[in-house]
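Positions are given from 1 along the sequence.
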Amino acid sequence: TDEFNALKNKKSFYAFEERKLVLEAIRYVDLVIPENHWEQKAEDIRRHEIDALVMGDDWEGKFDELGEFCEVVYLPRTAGISTSMVKAQLSLGTNSEIQYD
């Protein structure tokens, strides 16, 4: 949620409800659960009988303990793409490539 992001000193370009709509449009996504605090993952997995928790590989190993409740999958990052880069481009109103060193 946007409120949880604020607690982590993060801000998304799109509001939670917009991000949720995008995810729900993906045919492989059954359910989007708003996250309000770190501790709720295990409870949500049990309550909703979740089969798989999928995270970016920058979180690798951080959620392994949830493997007792469901499959934990860490997806590799896409080379050359970063959220910071996309946010910078959007804030500049351009789709030209920004170089990072």
Would you call D57-R77 a salt bridge at under 4.0 Å N-O? no

Angle class for the W38/W59 ring planes (parallel below 30°, perpendicular above 60°, tilted otherwise)? tilted

Donor-acceptor contact present, side-chain Q40 to main-chain P34, <3.5 Å: yes

Partner set under side chain to side chain donor-acceptor pair (under 3.5 Å) for E43, not counting sequence neighbours: R47

Is H48 close to L31 at the side-chain level, that is, under 4.5 Å between some pair of heavy atoms? yes

I need the minimum non-hydrogen distance between A42 and F69, along with the two atoms involved. CB-CE1, 4.0 Å

From [X] atom [atom1] to [Y] atom [atom2], the distance as rounded to the nearest 0.5 Å:
| X | Y | atom1 | atom2 | result |
| --- | --- | --- | --- | --- |
| R46 | C70 | CZ | SG | 10.5 Å |
| T1 | N36 | OG1 | CG | 4.5 Å |
| E60 | L75 | CD | CG | 10.5 Å |

side-chain contact (heavy atoms from CB on, under 4.5 Å) for I33 and I50? Distances and angles first, verdict last. CA-CA 11 Å; I33 301 169; I50 291 173; 3.5 Å; yes

Pairs under 3.5 angstrom only: tabulate donor-acceptor contacts from the side chains of residues 12-30 to other protein residues two or more places apart or in another chain.
from, atom 1, to, atom 2, distance (Å)
S12, OG, N5, ND2, 3.0
S12, OG, R19, NH1, 3.4
E18, OE1, A15, N, 3.1
R19, NH1, D2, OD1, 3.0
R19, NH1, Y14, O, 2.5
K20, NZ, E24, OE2, 2.8

Over 12 non-hydrogen atoms of neighbours within 6.0 angstrom of NZ in K8: yes

Over 12 foreign heavy atoms within 6.0 Å of CG, D51: no

Please walk me through it: do E35 and K41 pass side-chain contact (heavy atoms from CB on, under 4.5 Å)? CA-CA 8 Å; E35 185 174 34; K41 279 184 176 49; 2.3 Å; yes

Verify the cluster assignment for V73 and F63: are they in a single hydrophobic cluster under the rule of side-chain heavy atoms below 4.5 Å apart? no

